[in-house]
Amino acid sequence: MALKSKLLTDISLKGLDIAPSQVRGAVRIVPLLRRQVHGDLRLLHRSYNEDITVVSLEGEITKPGMKYFSYVPHGLVMSWSDDGSPVASFGGQIVKPDGKRLDCGCASVRLMHRMAKRESANQLRFLPLHLAMEGFLSLFFSGPDIAWNEYSRYALSHGLGSRYETAVSGRYIAGLEDALRVFEIHSRQVGVLVFVAEALASAFVVPTPEDYRALHTSLLEDFYSDLIYQYGLLYDTTLPMDVSVDESKINSLADLRGAIAKMRSDWASFQGFMAEGLLQRQLHSQRVYTAGPFVLQRFMTNLQLKHENYIGEAIARENGEIEYLKIYRLSEAQTRRAYLLSKLAHYNWNLDATAKALSHTREEFVCRMEAAGFGYLLNQQVRDAARKKAKKS
């Protein structure tokens, strides 16, 4: 795995082994086992009970006064040592004030400061997945740098304005709760690949087996795209994996051991192939926090229309080994929106240049922006002209 200034440029499972999957209905869970547990990084689950959380993004790469609103069921507290010595399991359990709780009558609200907040010399609290989603929402948020005539006054003054995306709680993914409840947890297990109807729904990795056991059911509190939700409703089976031992070639215990090792290797390779939409994909990463020998970062795969695309966050060692990983699969609509914004930003928000690059007429591109929910960025004259041209054709 290539590294540039400690930032991941792709995701690999360096230091992890893929164990045979377990299947229940449409849910396939593939255990990830760590070969060497270092113990100098630990993660602790911190529960929240409010209906909605408001996170102030002051000091982060956003406009002043920007806030993030969402349901946030839990946070993670990261504790580490700088010299490689083990971190005690109780290191992150000291109760600390984490934001302020408000009772608004019909709902309770938690006010928090920053997506990732340092709590002591070697302790950091961050909001899993929300860290990645906030980064996704802030992409190209400032809008045009040049006062192009085609854009609305709102777009020139406020950029993209209030951006939002919708997602589904893991508790609504059919079969996921049952699968997490009944499946075996291996002694060296530190993570999973979760497939729903053979589509990669989640990749989750933590530093130690003890951390994983404590966080195993937190996958239910994560959010997933509506695509995964629909797959869970529409399909209730998985593809069969026909991996077996040829009895005719077994003449000794050594032969049996070799055949089983080969079977497990083939199984791991195939399950890794199933996740190729994430593994070894080029990433665009952003550093969030440097914690001694570790870097907390969020990322997005290079966007490809009609392919799998992911956002996520990771904690990596200096040697590129991933100690923490969590991903969210973008829906097709979310991919289209991000793709359009990326193309606009690449061509300096020039409508004609962007339309030409995408092999569209100006009017076709304007209609495409409106279909993606970005019509409000353009002034009324531009939108009206595109609609008239569309009616004539």
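These numbers come from a predicted model, not from an experiment.
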Novice: Which atoms form the tightest heavy-atom contact between I11 and L278, and what is the distance?
Specialist: CB-O, 4.2 Å
Novice: I need the S202 OG to L129 CG distance, nearest 0.5 Å.
Specialist: 7.0 Å
Novice: Is there side-chain contact between V288 and L296, with at least one heavy-atom pair below 4.5 Å?
Specialist: yes
Novice: May I have the step-by-step check of side chain to side chain contact (heavy atoms under 4.5 Å, CB included) for Y347 and D352, ending in yes or no?
Specialist: CA-CA 9 Å; Y347 291 98; D352 294 318; over 6 Å; no
Novice: Measuring only between side-chain heavy atoms, which start at C-beta, is L13 closer than 4.5 Å to L32?
Specialist: yes
Novice: Kindly indicate whether the side chain of M78, heavy atoms from C-beta on, has any atom under 4.5 Å from the side chain of L124.
Specialist: yes
Novice: Counting only heavy atoms from other residues, nucleotides and ligands, does the tally under 6.0 Å from CD of E332 exceed 12?
Specialist: no
Novice: Are the side chains of S218 and F204 in touch, meaning some heavy atoms are under 4.5 Å apart?
Specialist: yes
Novice: Do we see a donor-acceptor contact under 3.5 Å between the side chains of R281 and T301?
Specialist: yes
Novice: Is there a donor-acceptor pair closer than 3.5 Å between any side-chain N or O of E364 and the backbone N or O of T361?
Specialist: yes
Novice: In terms of side-chain heavy atoms, does Y289 have a donor or acceptor partner in R118 at a distance below 3.5 Å?
Specialist: yes
Novice: Using modelled atom types and a 3.5 Å cut-off, is there a donor and acceptor pairing between side-chain atoms of D211 and backbone atoms of L43?
Specialist: yes
Novice: Hydrophobic clustering (ILVMFWY, side-chain heavy atoms < 4.5 Å, transitive) - are Y71 and F69 grouped together?
Specialist: no
Novice: Evaluate the criterion side chain to side chain contact (heavy atoms under 4.5 Å, CB included) for residue pair L139 and F136; output intermediate values, then yes/no.
Specialist: CA-CA 5 Å; L139 287 173; F136 178 73; 3.8 Å; yes
Novice: Between N348 and N350, is there a donor-acceptor pair closer than 3.5 Å when you use the side chain of the first and the backbone of the second?
Specialist: no
Novice: Can you find a side-chain donor-acceptor pair between D82 and N122 that sits under 3.5 Å?
Specialist: yes
Novice: Got a second to check how far R101's CZ is from M112's CE, nearest 0.5 Å?
Specialist: 13.5 Å
Novice: Once you round to the nearest 0.5 Å, how far does CD of E221 lie from CG of L215?
Specialist: 9.5 Å
Novice: Which atom names give the shortest non-hydrogen contact between F140 and A338, and what distance separates them?
Specialist: CE1-O, 4.2 Å
Novice: Looking at R171 and D222, does any basic side-chain N land under 4.0 Å from a carboxylate oxygen?
Specialist: no
Novice: Can you confirm whether the side chains of E210 and Y212 place a donor and an acceptor under 3.5 Å from each other?
Specialist: no
Novice: Might you point out which heavy atoms bring S169 and L220 nearest each other, and give the distance in Å?
Specialist: OG-O, 3.4 Å
Novice: Give a yes or no on whether the backbone of Y154 and the side-chain of S157 come within a donor-acceptor separation of less than 3.5 Å.
Specialist: no
Novice: How long is the gap from OG on S79 to CG on L41, to the nearest 0.5 Å?
Specialist: 8.0 Å
Novice: Can R28 and S21 be said to form a side-chain hydrogen bond (donor to acceptor under 3.5 Å, both in side chains), step by step?
Specialist: CA-CA 6 Å; R28 181 188 300 277; S21 62; 2.8 Å; yes
Novice: Give a yes-or-no answer on whether the side chains of R110 and T53 include a donor-acceptor pair shorter than 3.5 Å.
Specialist: no
Novice: Taking C-beta and beyond as the side chain, do F365 and L340 meet within less than 4.5 Å on heavy atoms?
Specialist: yes
Novice: Which heavy-atom pair separates V55 from M115 by the least distance, and what is that distance?
Specialist: CG1-N, 3.9 Å
Novice: Applying the 4.5 Å side-chain criterion to the ILVMFWY set and letting contacts propagate, would L176 and V168 be lumped into a single cluster?
Specialist: yes
Novice: Return yes when atom OH of Y235 has more than 12 non-hydrogen atoms of other residues, nucleotides or ligands closer than 6.0 Å, and no otherwise.
Specialist: no
Novice: Please find the pair of heavy atoms, one from V196 and one from Y231, that lie closest to each other, and give the distance.
Specialist: O-CD1, 3.8 Å
Novice: Applying a strict under-4.5 Å side-chain criterion to I, L, V, M, F, W and Y, I'd like to know whether Y164 and I311 cluster together.
Specialist: no
Novice: Between T9 and L283, is a side chain to side chain contact (heavy atoms under 4.5 Å, CB included) present by the stated rule, with each step listed?
Specialist: CA-CA 5 Å; T9 58; L283 301 181; 5.6 Å; no
Novice: Ignoring hydrogens and angles, tell me if any N or O in the side chain of E323 forms a donor-acceptor pair with the backbone of R317 under 3.5 Å.
Specialist: no
Novice: Linking I/L/V/M/F/W/Y whenever any side-chain heavy atoms sit under 4.5 Å apart, do M66 and V54 land together?
Specialist: no
Novice: How about R362 and V382: do any of their side-chain heavy atoms sit closer than 4.5 Å?
Specialist: yes
Novice: Using atom types as modelled and distance alone, determine if a side-chain donor or acceptor of R34 lies under 3.5 Å from a backbone N or O of P207.
Specialist: yes
Novice: Report the relative orientation of the aromatic rings in H45 and H74; use parallel for angles under 30°, tilted for 30 to 60°, perpendicular for over 60°.
Specialist: parallel
Novice: If we ignore hydrogens and angles and just use 3.5 Å, is the side chain of K343 paired with the main-chain N or O of A357 as donor and acceptor?
Specialist: no
Novice: Can a salt bridge be assigned to the pair E370 and R387 using a cut-off of 4.0 Å between side-chain N and carboxylate O?
Specialist: yes
Novice: Taking everything shown except R35 itself, do over 12 heavy atoms lie less than 6.0 Å from its CZ?
Specialist: yes
Novice: Counting the benzene-type ring for Trp, do H284 and F299 have ring centres under 6.0 Å apart?
Specialist: no
Novice: What heavy-atom pair brings H186 and L33 nearest, and what distance separates the two atoms?
Specialist: CB-CD2, 3.6 Å
Novice: With a 4.0 Å cut-off on N to O distance, would you call E165 and R337 a salt bridge?
Specialist: yes
Novice: A side-chain contact here means heavy atoms from C-beta on lying under 4.5 Å apart; do M133 and L137 qualify?
Specialist: yes
Novice: For the CE atom of M300 and the OG1 atom of T335, what is their distance to the nearest 0.5 Å?
Specialist: 9.0 Å
Novice: Report the C-alpha separation of L377 and L160 in whole Å, then their side-chain angles, then the decisive distance to 0.1 Å, and conclude whether the side chain to side chain contact (heavy atoms under 4.5 Å, CB included) test is met.
Specialist: CA-CA 7 Å; L377 295 177; L160 298 186; 3.7 Å; yes
Novice: Tell me if a side-chain donor or acceptor on D51 pairs with a main-chain N or O of S108 at a distance below 3.5 Å.
Specialist: yes
Novice: Do M369 and I146 belong to the same hydrophobic cluster, where Ile, Leu, Val, Met, Phe, Trp and Tyr are linked whenever their side-chain heavy atoms lie under 4.5 Å apart, directly or via other members?
Specialist: yes
Novice: Please determine if E313 and R298 form a salt bridge, counting it only when a charged side-chain N lies under 4.0 Å from a carboxylate O.
Specialist: no
Novice: Any salt bridge between D98 and R125, counting N to O under 4.0 Å?
Specialist: yes
Novice: Got a second to check how far W148's CH2 is from E150's CD, nearest 0.5 Å?
Specialist: 7.5 Å
Novice: Indicate yes or no for a side-chain donor-acceptor contact from Y339 to the backbone of Q334 under 3.5 Å, with no hydrogens or angles considered.
Specialist: no
Novice: Which residue in the set Y310, F223, Y224 passes ring-ring contact (aromatic ring centres under 6.0 Å, His included) when paired with Y328?
Specialist: F223
Novice: Is it true that a side-chain atom of S225 and a backbone atom of R329 form a donor plus acceptor pair closer than 3.5 Å?
Specialist: yes
Novice: Heavy-atom distance under 4.5 Å between the side chains of T354 and L351, does that happen here?
Specialist: no
Novice: Indicate whether the side chain of S152 and that of N379 have a donor and an acceptor atom separated by less than 3.5 Å.
Specialist: no
Novice: Closer than 4.0 angstrom, basic N to acidic O: yes or no for R46 and E119?
Specialist: yes
